[in-house]
Amino acid sequence: MEKEYISLKDATKYCNYSQEYLNLRIRQGKLKGVKFGRNWLTKKEWLEEYLNKNQRSSGIRRILPELKITGVRPLRTGFLVALVFVLLAGGIVFGKES
């Protein structure tokens, strides 16, 4: 007997992945799924098959897939040191009343 399709929201109950991540994996062709209207559906068997092939879970529930932030660079140590120096020098020079 063939099982029914399940929503990705229901699929999250069987794994440590978010609905958004499962949606991404279906669109990438990594997880089998079918689209009905606007919604992606999968089967529990397909999800189990995917989990067996790609078991990387550390027991921590994933809320969002890994995000790559582009265009944002972390502040460098040199910049922070220079900023602190400028602020301290400014406080010394302009902080004194003659």
Side-chain angles (χ1 to χ4, degrees):
M1 182 174 133
E2 191 170 318
K3 296 270 185 172
E4 294 184 17
Y5 292 105
I6 59 173
S7 69
L8 298 185
K9 182 177 180 180
D10 290 338
T12 62
K13 297 174 185 174
Y14 301 107
C15 65
N16 290 330
Y17 297 114
S18 70
Q19 183 176 344
E20 292 82 9
Y21 185 76
L22 295 175
N23 183 304
L24 173 68
R25 299 308 276 176
I26 288 174
R27 289 183 283 119
Q28 290 174 334
K30 305 290 183 181
L31 169 63
K32 293 179 188 174
V34 293
K35 193 169 188 180
F36 286 109
R38 293 177 29 179
N39 301 319
W40 284 101
L41 304 175
T42 190
K43 293 184 179 182
K44 189 175 177 185
E45 295 83 24
W46 292 346
L47 181 61
E48 289 172 356
E49 183 179 300
Y50 171 78
L51 292 173
N52 288 335
K53 287 182 183 177
N54 302 291
Q55 195 63 24
R56 296 184 308 156
S57 178
S58 61
I60 299 173
R61 185 165 182 78
R62 287 175 173 76
I63 296 173
L64 293 175
E66 293 179 22
L67 299 176
K68 292 183 180 178
I69 300 174
T70 58
V72 178
R73 292 174 47 190
L75 294 176
R76 298 179 189 247
T77 307
F79 174 76
L80 290 175
V81 170
L83 180 63
V84 169
F85 176 75
V86 168
L87 292 174
L88 287 174
I92 292 169
V93 171
F94 296 110
K96 288 187 177 182
E97 293 184 28
S98 300

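All residue numbers refer to positions in the sequence shown, counting from 1. Every value quoted in this text rests on a predicted model; they were computed, and no experiment measured them.
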Worked verdict on L24 versus R27 for side chain to side chain contact (heavy atoms under 4.5 Å, CB included): CA-CA 5 Å; L24 173 68; R27 289 183 283 119; 3.9 Å; yes
Non-neighbouring partners of F85 that pass side chain to side chain contact (heavy atoms under 4.5 Å, CB included), sequence neighbours left out: none
Donor-acceptor pair, side chain of N52 and main chain of E48, under 3.5 angstrom: yes
Step-by-step side chain to side chain contact (heavy atoms under 4.5 Å, CB included) determination, L22 to L47: CA-CA 9 Å; L22 295 175; L47 181 61; 4.1 Å; yes
Smallest separation among heavy atoms of Y17 and L51, with atom names: CE1-CD2, 3.5 Å
Q19 versus K9, closest heavy-atom pair with distance: OE1-CB, 3.6 Å
Candidate pair T42 and Y50, rule side chain to side chain contact (heavy atoms under 4.5 Å, CB included), full reasoning: CA-CA 11 Å; T42 190; Y50 171 78; over 6 Å; no
Nearest-0.5 Å distance that lies between atom CD1 in I6 and atom CD in E45: 8.5 Å
Value rounded to 0.5 Å, distance of CG in N54 from SG in C15: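 Separation between the atoms: 11.5 Å.
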The single option from L41, N39, I26 passing side chain to side chain contact (heavy atoms under 4.5 Å, CB included) against L8: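 Option passing the side chain to side chain contact (heavy atoms under 4.5 Å, CB included) with L8: I26.
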Which residues share a salt bridge (Lys or Arg N to Asp or Glu O under 4.0 Å) with K32, sequence neighbours left out: E49
